[in-house]
Amino acid sequence: MEYTKKIDQKWQEFWQANNTFKVCVKNIKKPKYYCLVMFPYPSSELHVGHGRNYIIGDAVARYKRMRGYYVLNPMGWDAFGLPAENQAIKHNIHPRAWTLKNIKRITQQLKSWGISYDWEKEIATCFPQYYRWTQWLFLELYKKGLAYKKEAPVNWCESCKTVLANEQVIEGKCERCSNQVSQRNLKQWFFKITDYAQRLLDDLDKLKEWPQRVKLMQKNWIGKSVGVTIKFSVKNLDKPLNCFTTRVDTIFGATFLALNYQHPAVIKLIDDSDNKQEILKFISQTKKEEASLLRSQDFEKKGMFTGEFAINPMTGAKIPIWIANYILSGYGTGAIMSVPAHDKRDFEFAKKYQLPITEVIKEPKAKDQKIKANKEEAYEGEGNLVNSGDFNGLASNEAKEKIADFMEQENIGARETNFRLKDWLVSRQRYWGAPIPILYCKECGEVPVEDKDLPVLLPEVDRFLPTGKSPLAEDKDFIQTKCPRCNRPAERETDTMDTFVDSSWYYLRYISPGQASAPFVKEDVDNWLPVDQYIGGVEHAILHLMYSRFITKFLADQKKISFDEPFVKLFTQGMIIKDGAKMSKSKGNVVAPDYIIEKYGADTMRLYILFMGPPQKEAIWQDEALQGSRRFLQRALRLVDKLKNFKEDKNQGDKAGQKELLLRKIHSTISEVTGDLEGDFQFNTAISRIMELVNQIYKSIQQGVEKEIFAQAVDTVFLLLSPFTPHISEEVNSLLGHKGTVFNRSWPKVDPKMLKKDEGEIAILINGKVKDKMVIDFSLSKEEVKTKALAQIKVKKIIADKSPKKIIYVKGKIINIVI
RNA sequence: GCCGCGGUGGCGGAAUUGGCAGACGCGCUGGACUUAGAAUCCAGUCUUGAGAAAGGUGGGAGUUCGACUCUCCCCCGCGGCACCA
């Protein structure tokens, strides 16, 4: 039997005609399994580098189905957003036309790969029937005070005349044109994800089946810090200066304060300063430097003394207040206490400006010469307190608590928790997104669009090129409307929403994609979610996966759904590398899947992609290695022909126990392949074990074996292969006389009797080195095995007159003789 | 700088409650079949060595009867964050 494109087509048509993968959400007859692959941006056609994602997902979905689950495997399009828009601009067509063209093309590609989607569940975020509910979500958040507008600095690319999402700023430069990105203050919409910071952090522990590194990345991104905010009183200020620290144990070493130039107290502090003009000059210079965002590498710490002093509340010392360019405005209070002896940044600054350095922590086990008498570097570790009044001698940990207690008692400080996580900026001054459903009325101010007036349709505009203002702002018909409260003229918000808002809830929509009266049906969503297996690239570890968790928690709080984590199990696949780089169009190293499918068939490509290496690690594409998969499939298919023409030689008998050998191999293969798939989707080893089984079948038929067992072996091979090579497996399944689709058959079962071994080969080690091997009965005792081993000729020769000191026997594996 | 992941033949990669390193595949070498090629089949393929044998999982130490696997130190590569007080 020859594997041709016709087989692919035949079975793809069969699946479509028979609705093989259609799921009726209301009718769950078996345990459900929601398998979800992150939906793509349809901004270009797919290459094999993209393919890995969908092929892994498909293998999982097909396998789970054969394991008896009712599997939902949907697909849709993250169709709004900058990537699609940028491509459309580049090709000078409307983003909608470009997007729809790509959707059509990618759909055809996915179908040609034999991906088993239930296409009736298809969604696209750019259609009004979808984004109507994205707008609904915005309004739900708005009603709860979790969507709000404020002025904030955003990333701005002057060449593209647009704001950029954080993820589009790569090393301070615009992803598209490599221009340096600057910061601008604009009035923007935010979602208050910070309200959920603690829960997003705590619930990471619930996600037992997420990769550790993704959880760590989220943890670092949330960046929780526990510490104390200390009040430093200043003579000329009516309010004290608050400084947050995680190292309150070092307070006695705080020898100056440092403020960001934007700190509200700065104006007052420098008001009477002799060199006010100089300070103002310094501030404007700092501002300029900060806007460049390119300050990471050769950033030089600079600062100026304000002329004012604060009082260290513990020592009572007068300490100078500085403005410094290394203090962040957006974190803590924008002011810090500087402890140069125990913070390397403060140390560097103090050295430069000759500020006092007071050591207050002694490194516990440090040798005397290592103690920073020479003050060449800051000691940032913990230790015991010195020069710290009543707290001398305490260990850092204990001191932190005691000093915090003391400060709270004396009202000079209070315990506080800070997060690095910032609120989520969701507005974009771009065309291709869901309009933000807000209007502005002269009388009533900011007014949400009424639910009955949704969707706020994205208008057709002629010019959607970015200018810095939303293209919607040029459409008078769009802007002008009436206030639903007072019926007076009002204007619409012209910004659109970040595409990550669209994708923060799409997994809920698949359950009832056509639902017109609600975003989803609670009962159905509760039945089908959370997603059992989510599959996608690690590049979404923080953004999309954090936003989705946030939105799910919010909807759970509103009792719209009954679960508060969207994805039970997460799998992040590695990229495909070719010629030393990630496969991408811009690098010119893409491999077109269409060509491979045309030449070798979809299953060859699928098998190769799964066989390349562990799916969670990056894999290197080698054109020649593809031949191996092809060769293997042909070799396996030749068995089907051999089986058809097989004449069992009854006279030959069971040479060398082939019957038992092959039966054992069948069952051990089933067991191992199943183990590989139940584990962390080790497709590569699963496939290699099936290859071994095929090799064994060839050996066995050469030796002579019963036809029945030969047939069973062939059937097993193609059953085990079916999640990977569905077209070929369907074809063989029907050739072997089974009716209908192979995916209605169940996964082969292991006979545990076939795994047990009564005898086998073990290695004989002498002093830990393998010297010989022997076949033994596993029921033999240690003594019997020892006697047998010592009787081996080779062993005798090596041991000679020496006597064994110790013998270790590991049943079924090794015997080690120590001499 | 901090955090995380990784380092095994010519190549992709197997093997970890410590127990025969290199499964499976690619490539390569030799042979069979063939007018010839393709395809297929057989044998070989970690290194040194004719062989016996010895060495070998980034480097160095350690624990152990036994270490790719565990501990400590170091080197290299990749990814994330990057002045978060």
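The sequence lines fix the lettering, A, B, ..., with proteins before strands; numbering per chain opens at 1.
Less than 4.0 Å separates RNA chain B from no heavy atom of any residue of residues 250-261 of chain A.
Between the side chains of A:Asp249 and A:Ser396, at least one donor-acceptor pair of N or O atoms lies under 3.5 Å.
Going from the C1' atom of B:rG58 to that of B:rC68 covers 12 Å, rounded to whole Å. Comparing B:rU16 with B:rU29, their C1' atoms are spaced 34 Å from each other, to the whole Å.
For A:Lys224, there are no salt bridge (charged side-chain N to carboxylate O under 4.0 Å, His left out) partners at least two apart in sequence or on another chain.
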Taking only distance into account, with no hydrogens and no angle test, what donor-acceptor pairs under 3.5 Å do side-chain atoms of residues 334-342 of chain A form with protein atoms, sequence neighbours excluded?
| unit_1 | atom_1 | unit_2 | atom_2 | d |
| --- | --- | --- | --- | --- |
| A:His342 | ND1 | A:Tyr379 | O | 2.8 |
| A:His342 | NE2 | A:Val360 | N | 3.0 |
| A:His342 | NE2 | A:Ile361 | N | 3.1 |

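At a threshold of 4.0 angstrom between heavy atoms, the contacts of A:Leu216 are confined to the sugar-phosphate backbone, with no base atom among them. Within the 4.0 angstrom heavy-atom criterion, no nucleotide atom of any strand lies near A:Lys617. When heavy atoms are screened at a 4.0 angstrom cut-off, A:Arg213 is found touching the sugar-phosphate backbone but no base atom.
Among the nucleotides B:rG4, B:rC3, B:rA85, the one closest to the side chain of A:Thr246 is B:rA85. Taking only side-chain atoms of A:Leu328, from C-beta outward, the nucleotide of B:rG12, B:rA85, B:rG55 with the closest atom is B:rA85.
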Footprint string (nucleotides 19-27 of chain B, 5' to 3'): B base within contact, S backbone only, - free, heavy atoms under 4.0 Å: BBS-BBSSS
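The list of side-chain hydrogen bond (donor to acceptor under 3.5 Å, both in side chains) pairs with a residue in residues 808-819 of chain A, not counting sequence neighbours, is empty.
Between B:rA54 and A:Lys771, a contact under 4.0 Å exists linking OP1 or OP2 to a side-chain N or O.
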Dot-bracket line, read 5' to 3' along RNA chain B, where crossing pairs take [ ] and | marks a partner on another strand, Watson-Crick or G-U under 3.5 Å: (((((((..(((......[....)))((((((.......))))))(((....)))..(((((..]....))))))))))))....
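By the 4.0 Å N-to-carboxylate-O rule, A:Arg52 lies too far from A:Glu618 to be salt-bridged with it.
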